[in-house]
J.: 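I am attaching a structure below and will ask some questions about it afterwards.
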Amino acid sequence: MDTPTSLTDRYRIVSHLARGGMADVYRGYDELLGRNVAIKVLHQQLSNDEAFVKRFRKEAQAAANLTHPNIVGIYDWGQFDSTYFIVMELVEGRSLRDVLRSEGPLLPRRATEIAAEVAAALSVAHRAGLVHRDVKPGNILLAPDGTVKVTDFGIARAWDDSQELTRTGAVMGTATYFSPEQAQGGKVDERSDIYSLGVVLYEMLTGQPPFRGDSPVAVAYQHVSAEAPPPSRLNPDVPAELDAIVGKCLQKDPQARYQTAEELRTDLWRALQGEKPMAGAVPPPAAADDATRVLAVPPATVPPDEAYRQLEEPPSSNLGFIVGTFALLATLIVLVILTFDLFSGSGGGATLEVPNVVGMTEEEALVVLQRAGFIAVARERPDPTVEEGLVIETDPPAGTQAEEGSLVTVWVSSGEERFGVPFVIGMDLETARQRIEEQGFTVGQITERADPDEPEGTVLDQNPQPGAQVPAGTPIDLVVSAGPDTVEIPPIVGLTERDAVSQLQLAGLTWTIEREYSDEVEEGRVIRTDPEPGEQVAPDTRVLVVVSDGPEPVQVPNLFGLTEQQARSTLEGLGLVMEVSQARIEVSDPSLVDKVVQQNPQAGVTLERGSTVVVTLGAPAPTTTTTTTTTTSTTTTTTEPPPEP
């Protein structure tokens with residue numbers, strides 16, 4: 001169904017602003033109160049879901065009671081035919097999602113300020129018993145004056161509870177910002193919003209969310225089972241205080257997070273003022289080989305095998321157990337040797353030749369050295385000439401004499417030296433190319449993708465992702481905006497108004513009808529359009545359609561006193577036909593003889609072109625006669641009445 005241009009005779013839709021998974025958002029105008037508003041019109045499939053509509057009505061009413069400077073106000077909601085809509089405060093500006101796409105990571109201070117204002121909005125909603133359930137950059141609006149506004153309170157709950165859209169074990173919503181309990185189908189409360197805000201803060205600080213994957217299910221699984229590296233690993237400008245705050249927000253166990261949004265807001269303000277947050281000790285940065293580790297996860301309301309039916313679980317592996325056992329045995333050997341040396345009181349042992357382990361794998365080298373009587377410790381370093389995982393050299397070198405039981409360092413190749421991939425999303429292609437090449441990488445495959453929000457030539461995505469550690473010279477593939485999809489204005493000139501509108505509707509365009517007179521185009525048919533037929537335009541472009549009202553009507557002129565020829569010429573010039581009446585009207589004024597003294601229709605009447613005007617000409621009046629007799633004198637005078645105007 002097409003969205004009407006007006007709703008309930010009060011709200012008028014002006015232009016399209018955005019499209020989301022649940023609704024289209026339009027700029028509108030409240031005719032009753034004379035103010036601009038935002039109108040969210042639900043998609044038709046949601047309007048047909050009775051369970052959703054019922055929940056939507058309840059949640060919209062609850063959200064309408066929230067009043068706070070950081071919350072987008074809900075003014076009204078209603079139904080027009082089968083269309084359900086919400087009328088909201090219109091916030092001029094951009095969403096946080098658009099800002100992150102175009103600008104990348106924010107300055108830590110600005111990111112903290114935004115998170116604090118969002119936390120203030122969540123605090124108000126939580127005190128009112130309302131959980132947002134869908135905190136994400138797309139629902140955070142930034143006004144031109146810097147004010148932060150949170151929108152869509154409570155609507156996600158209507159989505160979750162819809163019989164049409166919620167199924168046992170299904171993962172619904174925006175997986176990138178899920179809390180673990182949402183991903184597992186568990187109970188959702190205000191602490192779930194705190195987790196989601198932690199994800200948003202992480203993205204503001206680093207330019208990317210903590211977890212990424214090939215599918216929403218893969219991302220949701222990471223929220224449940226993986227730990228993200230601290231933001232400072234991706235952005236060295238992030239202070240330790242923010243690492244601690246983000247870490248507390250992203251705890252898997254809700255009990256380990258901030259328990260209220262107000263607690264989170266207080267810590268954010270403490271960080272802004274240079275004070276140590278209450279989040280606790282700042283966690284140490286994860287080791288380079290421990291960016292993601294498996295955690296113990298609290299039990300879920302819905303079992304993981306139900307919540308992730310479509311997820312193929314990898315086969316279990318004993319590798320961790322084997323490596324751990326090997327490390328424990330190596331430690332015990334070292335302790336035994338040290339203990340033996342201590343109690344034996346020996347100041348030094350026999351010297352042995354360090355065996356040559358260059359080219360072996362790390363495991364092989366450690367075994368050889370330990371069997372030869374040395375304590376071996378492996379260290380990594382980049383080397384482009386030696387395959388990753390193989391030994392480069394030892395310290396002391398192979399062939400030298402070293403004391404039995406002494407330490408031998410085994411240097412293992414980590415392959416080519418790796419560097420962090422630069423962040424180029426949101427840049428124009430040439431700037432991105434320059435940034436990539438300056439940092440020692442190359443531009444790989446460039447593909448285009450239509451995007452209604454980003455200008456043509458803007459980088460939408462990159463692979464490898466920003467921050468990934470890869471060798472120098474690695475090609476970075478880019479996805480670049482081709483601009484919005486375009487449609488062609490159909491050839492509707494000459495069609496009837498009804499047929500023209502049907503063609504525009506099929507093309508996904510909107511229209512405005514104007515009418516004008518035309519002598520050439522039949523009434524009711526299209527004279528022209530703007531843009532013209534054949535032009536390529538963005539979807540939802542409004543097309544001006546000019547429809548003919550037929551020939552312009554003319555006003556009958558005043559013909560009184562004109563000769564027949566003059567009157568005929570005047571009428572023919574206006575597209576009218578003149579007919580001369582056979583009857584004449586006697587006039588006393590000789591100057592009106594054979595001139596128009598009467599017309600029908602009268603002057604000033606509006607006629608269509610081709611209409612007939614009947615004129616009557618003046619005739620001379622009879623002369624005056626006098627008769628005289630002897631006995632009686634009679635005088636008779638005939639006077640012509642004045643002509644009718």
J.: Evaluate Ile492 against Asp499 for side-chain contact (heavy atoms from CB on, under 4.5 Å), listing each step before the verdict.
T.: CA-CA 8 Å; Ile492 60 175; Asp499 290 343; over 6 Å; no
J.: Taking only Lys NZ, Arg NE, NH1 and NH2, and the carboxylate oxygens of Asp or Glu, determine whether Glu516 and Arg528 approach each other closer than 4.0 Å.
T.: yes
J.: Could you walk me through whether Lys595 and Leu617 pass the side-chain contact (heavy atoms from CB on, under 4.5 Å) test, one step at a time?
T.: CA-CA 5 Å; Lys595 295 181 180 177; Leu617 303 179; 5.7 Å; no
J.: Rounded to the nearest 0.5 Å, how far does CD of Glu532 lie from CG of Leu544?
T.: 11.5 Å
J.: Got a salt bridge between Glu92 and Arg27, using NZ or NE/NH1/NH2 to carboxylate O under 4.0 Å?
T.: yes
J.: Applying salt bridge (Lys or Arg N to Asp or Glu O under 4.0 Å) as the test, list every pair that has at least one member in residues 562-580; sequence neighbours left out.
T.: Glu564-Arg568
J.: Has the side chain of Thr606 got a donor or acceptor atom that lies under 3.5 Å from a matching backbone atom of Pro553?
T.: no
J.: Are Asp428 and Thr431 close enough, and set up right, to give a side chain to side chain donor-acceptor pair (under 3.5 Å), and what steps lead you there?
T.: CA-CA 6 Å; Asp428 64 82; Thr431 303; 2.8 Å; yes
J.: Above 12 or not: heavy atoms from other molecules or residues under 6.0 Å from CD of Glu103?
T.: yes
J.: Answer yes or no: is there a side-chain heavy-atom contact under 4.5 Å between Glu497 and Arg515?
T.: yes
J.: Does Asn70 use its side chain to pair, donor to acceptor, with the backbone of Val148 at less than 3.5 Å?
T.: yes
J.: Counting only N and O atoms by type, is there a donor-acceptor contact under 3.5 Å from the side chain of Ser569 to the main-chain atoms of Gln565?
T.: no
J.: What heavy-atom pair brings Arg542 and Val14 nearest, and what distance separates the two atoms?
T.: NH2-O, 4.3 Å
J.: Give a yes or no answer on whether the side chain of Asn139 reaches the backbone of Asp134 with a donor-acceptor pair at less than 3.5 Å.
T.: yes
J.: Applying the side chain to side chain contact (heavy atoms under 4.5 Å, CB included) test to Val487, which of Val537, Leu506, Leu504 qualifies?
T.: Val537
J.: Under 3.5 Å, is there a donor-acceptor pair between the Ser502 and Arg498 side chains?
T.: no
J.: Side chain to side chain donor-acceptor pair (under 3.5 Å) between Thr486 and Gln536: does it pass, once the steps are laid out?
T.: CA-CA 6 Å; Thr486 60; Gln536 297 290 328; 3.3 Å; yes
J.: How many angstroms lie between CG in Leu559 and OG1 in Thr616, if you round to the nearest 0.5 Å?
T.: 11.0 Å
J.: Using every non-hydrogen atom in the two residues, find where Val150 and Ala121 come nearest and quote the distance to one decimal.
T.: CG2-CB, 3.8 Å
J.: Okay, side chain of Asn463, backbone of Asp477: is any donor-acceptor separation there less than 3.5 Å?
T.: no
J.: Got Asp530 and Val543 here, is their nearest side-chain heavy-atom distance under 4.5 Å?
T.: no
J.: Do you know the tightest heavy-atom contact between Pro557 and Leu571?
T.: CD-CD2, 3.9 Å
J.: Less than 4.5 Å apart, any side-chain heavy atom of Pro533 and any of Val493?
T.: yes
J.: Between the side chains of Lys149 and Glu89, is the shortest nitrogen-to-carboxylate-oxygen separation below 4.0 Å, so that they form an ion pair?
T.: yes
J.: When rounded to the nearest 0.5 angstrom, what is the spacing between CG in Leu32 and CZ in Arg10?
T.: 4.5 Å
J.: Do Leu576 and Leu607 have side chains that approach each other closer than 4.5 Å (heavy atoms only, starting at C-beta)?
T.: yes
J.: Taking the six-membered ring of Tyr75 as reference, does the NZ or CZ atom of Arg35 fall below 6.0 Å from its centre and within a 45° cone about the axis?
T.: yes
J.: How far apart are the C-alpha atoms of Tyr177 and Val200, what are their side-chain angles, what is the distance that settles it, and do they pass the side-chain contact (heavy atoms from CB on, under 4.5 Å) test?
T.: CA-CA 7 Å; Tyr177 308 95; Val200 173; 4.0 Å; yes
J.: If I compare all heavy atoms of Pro622 with all of Glu586, which pair ends up nearest, and what's the gap?
T.: CD-OE1, 3.5 Å
J.: Taking C-beta and beyond as the side chain, do Gln599 and Asn558 meet within less than 4.5 Å on heavy atoms?
T.: yes
J.: Determine the minimum heavy-atom distance between Pro601 and Val556, stating which atoms define it.
T.: O-CG1, 3.9 Å
J.: Any donor-acceptor pair under 3.5 Å linking the side chain of Ser102 with the backbone of Asp98?
T.: yes
J.: Any carboxylate oxygen within less than 4.0 angstrom of a Lys/Arg side-chain nitrogen, looking at Arg449 and Asp461?
T.: no
J.: Roughly how far, to the nearest 0.5 Å, is the CD1 atom of Ile39 from the CZ atom of Arg12?
T.: 9.5 Å
J.: Holding to ring pair (Phe, Tyr, Trp, His ring centres under 6.0 Å), I want the full list of residues that pass it with His16, two or more places apart in sequence or in another chain.
T.: Tyr26
J.: Please find the pair of heavy atoms, one from Leu460 and one from Ile425, that lie closest to each other, and give the distance.
T.: O-CG2, 3.5 Å
J.: Would you call Val87 and Trp77 a side-chain contact if the rule is heavy atoms closer than 4.5 Å?
T.: no
J.: Passes side-chain contact (heavy atoms from CB on, under 4.5 Å), Met204 versus Ile114? Steps please.
T.: CA-CA 9 Å; Met204 287 193 288; Ile114 292 174; 3.8 Å; yes
J.: Does the Ser611 side chain pair with the main chain of Glu608, one donor and one acceptor, at a distance under 3.5 Å?
T.: yes
J.: Compare all side-chain heavy atoms of Ser196 with those of Gln182 and state whether any distance is below 4.5 angstrom.
T.: yes
J.: So which of His132, Lys40, Arg133 actually passes side chain to side chain donor-acceptor pair (under 3.5 Å) with Asp152?
T.: Lys40
J.: Starting at CZ of Arg97, measure out to CG of Leu141 and round the result to the nearest 0.5 Å.
T.: 10.0 Å
J.: Report the distance from atom CG of Leu100 to atom CG of Leu106, rounding to the nearest 0.5 Å.
T.: 5.5 Å
J.: Do the side chains of Thr529 and Trp511 get nearer than 4.5 Å, heavy atoms only?
T.: no
J.: Around Arg435, counting heavy atoms of other residues, nucleotides and ligands shown, do more than 12 lie under 6.0 Å from its CZ?
T.: no
J.: Ignoring hydrogens and geometry, is there a side-chain-to-backbone donor-acceptor pair from Arg525 to Gly494 under 3.5 Å?
T.: yes
